[in-house]
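Below you'll find the structure, written out as structure tokens, and then a few comments.
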Amino acid sequence: MQQQYPFKEIEQQAQQYWEANQTFAAKEDSKKPKYYCLSMFPYPSGRLHMGHVRNYTIGDVLSRFHKMKGFNVMQPMGWDAFGLPAENAAIANKTAPAKWTYENIEHMKTQLKQLGLGVDWNREIATCRPEYYKWEQWLFTELFKKGLIYKKTATVNWDPVDGTVLANEQVIDGRGWRSGALVEKRDIPQYFMKITAYAEELLNDLDKLDGWPEQVKTMQRNWIGKSYGCEVEFPIVGQNGNLKVYTTRPDTLMGATYVAVAAEHALATLAAKDNPKLAEFIAECKRGSVAEADVATAEKKGMATGFFVTHPLNGEQLPVWVANYVLASYGEGAVMAVPAHDERDFEFAKKYNLPIKAVIAPKSWNSQKVTTSYHTSGSNLNEREFPSIAHDGEQSGILNWFDWLDIFSEHGTCINSGKFDGLNFEQSSDAISSALNSKNLGKKRTQFRLRDWGVSRQRYWGCPIPIIHCTKCGEVPVPAEALPVRIPEDVTMDGVGSPIKKDPSFYETTCPTCNGNATRETDTLDTFFESSWYFARYASFDCDTKMVDERAYYWLPVDQYVGGIEHAILHLLYARFFNKLMRDVGLIKNDEPFTNLLTQGMVLKDGSKMSKSKGNTVDPQALIDTYGADTARLFMMFAAPPDQSLEWADSGVEGASRFLKRLWKAAYEHVSLGKVKAYALSNSGRGELTAELKNLRLQLHLTIEKVGDDYGRRHSFNTAISSVMELMNALAKIEATDEVTRSVRQEVLQNVALLLSPIVPHICQALWENLCPASHILCASWPASDKTAMVQDTVEYVVQVNGKLRGNLTVSREASKEVIETLTLAQDFVTKFLVDGTSVRKIIVVPNKLVNVVIG
RNA sequence: GCCGGGAUGGCGGAAUUGGUAGACGCACGGGACUCAAAAUCCCGCGUUGGCGACAACGUGGGGGUUCGAUUCCCCCUCCCGGCACCA
């Protein structure tokens, strides 16, 4: 054994050993419980970043731990290889996106191998390979035939100067990132997947996902957004037909004072026909990005259309406005505005002097005497008198208008609503919807916020959409035997549009149905398409006859999925959707793809996400070169719990490296004294252990329990490491070299190697070779704790007086509550507080923990 | 704007079910070793007062529940992630 910790040598040897022995090659084996551990595959951006190191180390720790626990583990790896950055790099470097991508994959694969991941590289996939995307093209055609994919127009960001569609990311402050031109919204026909047909199941099945973080399930629930409301129709004055809106607050219908439609709404278009000012306003609304965050934070603007609608219940005529805060894509693209009970409507009404009419009061308010209708043009808006108002027992005569509003976006009791007065939310919703129903002007309806998934992209570096357009036969899916539709890889990118859109050899074809001249679809699929089913392909990575074969029955669902919290909604929802689609075409049997989910936090530097644009990246390669993979892995796992963001610190790496050096040194000094068998009770006939060694063994076996629990249940790798550090600190204090001490030291070191091997596998394998030359660490299983070593004779209690720590009390393990109370009251640090006629009011004893004496 | 998270010493974090706040590590200070430095080892290290024993304060801010709150409830501030074409 070398005296210095030779990390380079150790890591190379271990990695060669794993490769030569195919240590991590996964095989179906019904005798063992399977454990499919999947980390989100990387986009091959060029070099590994710290987020990758963190993600893949977490996955590797869990994989290796479960392997030791006797599971049949599969940990695969692949490449999410289509995407926008390849096109940008290709334009910048004048190379083909494919070449750039394949070179990046080669480089990053080398880097990943240096991390020492227990990955089955035989199963490697890259989504840009025809063997892979052939199958999603096949699924696309199947779903198209089933009617689960359809075409409709959708809005995109259009750069009028570059003549290209821009991603939301490429729109900066409403302008194209390259051209600087004002971006326009443009409607083009695109393919959509009917994810809304699965909305109910996607929502309900969240309840089955006990192994998912609650926050992720909540985000998905809110995203799917099932709401119970009412559709209301407002007859349009002087026109045939009604303006339909959807509302979750039918109880406020009597307070509606105007109706607002999106700029894209048909009524807006109609009104703009002979109203140039309105047409200009609509055009203005259509400038800027389509991203919801931009729309929602924009200043609220609107313009009257000149149309009026009739209130379905009270017959009042309400103006129709075009408003930029109404989303065309949600509900009906039109809303009834109730300024008194909706903050956005209120802000809008104030700005444009629209009436505000309060119709809901908190439950305990005296409704009859409340004056409720005001116009914002009044000069004394901010101080209104509301006579006889009692709010939850509190008397108040004057209310600020803004307080009034604050109170009233919640549910309450109807006021100023005629026959609905006095009804609560549920009652008035029922009564108002049935009133609408009887007039045939509305009904109850559930609504999802979730929209169908637009999968068309006007880009080159993606999977071609397998549709042929024939003037006679229409849209014809490419027959299975003609798949894949290959994306040509040898292209030049000029920055203006997609090369395949200008390449007749790609798009000119014949119709599979009538054999006449036809053209191929030149849009490609959203790259989320590829990442929505790769987890299933790993099980059947080499199957060339089916998308997935019966091996998927064995491996699926994924037992543990690990990836960034930023994927909490989109990727994870699409993958769940695809799992159900594949189930429904008979490929797999499970309902949900990922049984357990661990969402890792970001790696930050100076408080913000490491990114090239911010220039605050730390290259993991330098870290591995200087300190080795084990140090990199140890630091990553030690610096923060996996689900929290991790602040990068160079000095912390130094500390991790120091610990491994100390560990190596401790083993070296021990081994250089010669062989010794690990202490165990069965061969303990060497007399009583000293108290010191007994305590060390107690700590060892408590640590074994804690670390197993931290890995398996808590995923708390940082505390697992710190408890092993404490154990090593305790071991370092023992200097004796007699046979018994050495046997206990051997026991500790052997177990430390096992406990740490999921995190720092290379050094642990080398330590084991030296500690136990006859065996191999990969054959060793997870250690069991020795219960007899953990029996303690005494218990230490914390003693509080009035909740403040005042001392400690050591009692025998069997001491009764009464004995503990008596002993506590005999302590000086308790009695000194018993002065001036005070007495003991109460004694609280928390078994094995704490005594609190309440004195008063 | 909406949805979801987060905030604890100089720093990263610990406290697992309401029960010792600050484990473990970093940084820093002192000491040992050394001609010296690095490395290594030992000691100290929330704030304030005190020679000390000890005492008071202390988990983003304000309120509440409790014998006891970093933990539960209400309100607020700031930061992070997502918002459907970045992946």
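So you know, we letter chains A, B, ... as the sequences are listed, proteins then strands, and number each from 1.
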Exercise. If only atom types and distance count, is the side chain of A:Q644 paired as donor or acceptor with the main-chain N or O of A:P641 below 3.5 Å?
Worked result: no
For this session: Can you tell me, in whole Å, how much space there is between the P of B:C73 and that of B:G18?
Result: 11 Å
Seminar exercise, completed: Atom CG of A:L805 and atom P of B:G19 are separated, to the nearest Å, by 15 Å
Problem set entry | Candidate nucleotides B:C83, B:A21, B:G4, ranked by approach to the side chain of A:Q800 - the nearest | B:A21
Exercise. What nucleotide, of B:A84, B:G19, B:A87, holds the atom closest to the side chain of A:L450?
Worked result: B:A84
Exercise. Quantified in whole Å, what is the P atom distance between nucleotide B:A53 and nucleotide B:C35?
Worked result: 39 Å
For this session: Determine yes or no for a side-chain-to-main-chain donor-acceptor pair under 3.5 angstrom, with A:W664 supplying the side chain and A:Q4 the backbone.
Result: yes
Exercise. Between A:S456 and A:Y191, is there a donor-acceptor pair closer than 3.5 Å when you use the side chain of the first and the backbone of the second?
Worked result: yes
For this session: Mind checking A:N168 for me? I need base, sugar-phosphate or nothing, with any heavy atom below 4.0 Å counting as a touch.
Result: sugar-phosphate
For this session: Could you check whether A:T719 gets within reach of a base, just the sugar-phosphate, or nothing at all, counting any heavy atom under 4.0 Å?
Result: sugar-phosphate
For this session: Mind calculating the distance between CE (A:M40) and C1' (B:G81) to the nearest angstrom?
Result: 13 Å
For this session: Remember a base hit wins even if backbone is also touched, and classify A:R449 as base, sugar-phosphate or nothing at under 4.0 Å, heavy atoms.
Result: base
Exercise. Touch check for A:V165, heavy atoms < 4.0 angstrom, all strands: base, sugar-phosphate only, or nothing?
Worked result: base
Exercise. Hey, is B:G9 sitting syn or anti, using the within-90° cutoff around 0?
Worked result: syn
Exercise. Which part of the nucleic acid, if any, lies within contact of A:A568, taking any heavy atom under 4.0 Å across all strands shown: a base, the sugar-phosphate backbone alone, or nothing?
Worked result: nothing
For this session: May I ask you to decide if A:L834's main-chain N or O and A:T838's side chain share a donor-acceptor pair within less than 3.5 Å?
Result: no
Seminar exercise, completed: Exactly one of A:D294, A:N157, A:N168 clears side chain to side chain donor-acceptor pair (under 3.5 Å) with A:S289, and that residue is A:D294
For this session: State which of B:A87, B:C67, B:G4 makes the closest approach to the side chain of A:L84.
Result: B:A87
Exercise. Base, sugar-phosphate, or nothing: which does A:P42 touch, judged by heavy atoms less than 4.0 Å apart?
Worked result: nothing
Exercise. A:I843 pairs by side-chain contact (heavy atoms from CB on, under 4.5 Å) with which of A:L825, A:V830, A:I855?
Worked result: A:L825
Exercise. Distance between the P atoms of B:A27 and B:C74, in whole angstroms?
Worked result: 42 Å
For this session: Would you tell me if any nitrogen or oxygen in the side chain of A:T527 comes within less than 4.0 Å of OP1 or OP2 on B:A87?
Result: yes
For this session: For B:G60 versus B:U70, give the span between their C1' atoms, rounded off to a whole number of Å.
Result: 12 Å
Exercise. Which nucleotide in the list B:C83, B:C86, B:G13 gets nearest to the side chain of A:P641?
Worked result: B:G13
Problem set entry | Reference residue A:Y133; test ring pair (Phe, Tyr, Trp, His ring centres under 6.0 Å); the match among A:W461, A:W533, A:F82, A:F529 | A:F82
Exercise. How far, in whole Å, is B:C75 from B:A55 if one measures between their P atoms?
Worked result: 38 Å
Exercise. Which value, in whole Å, describes the distance between the C1' atoms of nucleotides B:G4 and B:C54?
Worked result: 47 Å
Exercise. Given that A:E647 and A:F833 both sit by RNA chain B, which one's nearest nucleotide is further toward the 5' end?
Worked result: A:E647
Exercise. Base, sugar-phosphate alone, or nothing: which one does A:S456 contact when heavy atoms must sit under 4.0 Å apart?
Worked result: base
Exercise. Reckon A:Q600 touches a base, only the sugar-phosphate, or nothing at all at heavy-atom distances under 4.0 Å?
Worked result: nothing
For this session: Take atom C1' in B:C11 and the same atom in B:C28, then report the distance between them in whole Å.
Result: 11 Å
Problem set entry | Contacting residues from residues 656-669 of chain A, given that a heavy atom lies under 4.0 angstrom of RNA chain B | A:R658, A:R662
Exercise. Looking across every strand, which nucleic acid part, if any, lies under 4.0 Å from A:K733 by heavy atom: base, sugar-phosphate, or nothing?
Worked result: nothing
Exercise. A:V798 near the nucleic acid: base, sugar-phosphate alone, or nothing, with a heavy-atom cut-off under 4.0 Å?
Worked result: base
Problem set entry | For A:F41, the option from A:W79, A:Y534, A:F535 that meets ring pair (Phe, Tyr, Trp, His ring centres under 6.0 Å) | A:Y534
For this session: May I ask you to check if A:K300 and A:F348 form a cation-pi contact, with NZ or CZ under 6.0 angstrom from the six-membered ring centre and within 45° of the axis?
Result: no
For this session: Could you tell me whether a side-chain N or O of A:N104 sits under 3.5 Å from a main-chain N or O of A:P44, the two making a donor and an acceptor?
Result: yes
For this session: Look at all strands and tell whether A:E654 reaches a base, only sugar-phosphate, or nothing, counting heavy atoms closer than 4.0 Å.
Result: nothing
Problem set entry | Rounded distance (Å) that lies between atom C1' of B:G25 and atom CG of A:D650 | 15 Å
For this session: Determine: side-chain N/O of A:N729 to OP1/OP2 of B:C24, distance under 4.0 Å, yes or no.
Result: no
Exercise. Rounded to the nearest Å, what distance is computed from the OH atom of residue A:Y330 to the P atom of nucleotide B:G1?
Worked result: 20 Å
Exercise. What is the nucleic acid contact for A:N808, judged by heavy atoms within less than 4.0 Å: base, sugar-phosphate only, or nothing?
Worked result: nothing
Seminar exercise, completed: Where RNA chain B forms runs of at least three Watson-Crick or G-U pairs (i with j, i+1 with j-1, under 3.5 Å), the stems are B:1-7 with B:77-83, B:10-12 with B:24-26, B:28-32 with B:40-44, B:46-49 with B:54-57, B:60-64 with B:72-76
For this session: Using whole Å, report how far CG of A:L850 lies from P of B:A69.
Result: 12 Å
Exercise. Just one of A:W223, A:F528, A:Y198 clears the ring pair (Phe, Tyr, Trp, His ring centres under 6.0 Å) bar with A:Y574, so which one?
Worked result: A:F528
Exercise. Among B:U16, B:G19, B:A87, which nucleotide sits nearest the side chain of A:K849?
Worked result: B:G19
Exercise. Reckon A:R457 has a side-chain N or O less than 4.0 Å from the OP1 or OP2 of B:C86?
Worked result: no
Exercise. Tell me, do A:E726 and A:K706 make a side-chain contact under 4.5 Å, heavy atoms counted?
Worked result: no
Problem set entry | Any donor-acceptor pair under 3.5 Å from A:D159 side chain to A:T164 backbone | no
For this session: Could you check which of B:A84, B:A55, B:G13 has an atom nearest any side-chain atom of A:R806?
Result: B:A55
Exercise. Reckon A:F638 touches a base, only the sugar-phosphate, or nothing at all at heavy-atom distances under 4.0 Å?
Worked result: base
Exercise. Under 3.5 Å, side chain of A:T127 to main-chain N/O of A:A81, donor-acceptor pair present?
Worked result: yes
Exercise. When you compare B:C33 with B:A39, how far apart are their C1' atoms, in angstrom units rounded to a whole number?
Worked result: 11 Å
Seminar exercise, completed: Assign each of A:D526 and A:K300 the nucleotide of RNA chain B bearing its closest heavy atom; nearer the 5' end lies the nucleotide of A:K300
For this session: Have a look at A:Q170 and say if it touches a base, only the backbone sugar-phosphate, or nothing, with a 4.0 Å heavy-atom cut-off.
Result: nothing
Problem set entry | N/O (side chain, A:N222) to phosphate O (OP1/OP2, B:C83) under 4.0 Å | no
For this session: Round to the nearest Å and state the distance from A:I565 atom CD1 to B:C3 atom C1'.
Result: 12 Å
Exercise. Rounding to a whole Å, what distance do you find between A:L48:CG and B:A87:C1'?
Worked result: 15 Å
For this session: Check whether any side-chain N or O of A:K804 sits under 4.0 Å from OP1 or OP2 of B:C57, and answer yes or no.
Result: yes
For this session: Starting from C1' on B:C2, measure out to CZ on A:R221 and report it in whole angstrom.
Result: 18 Å
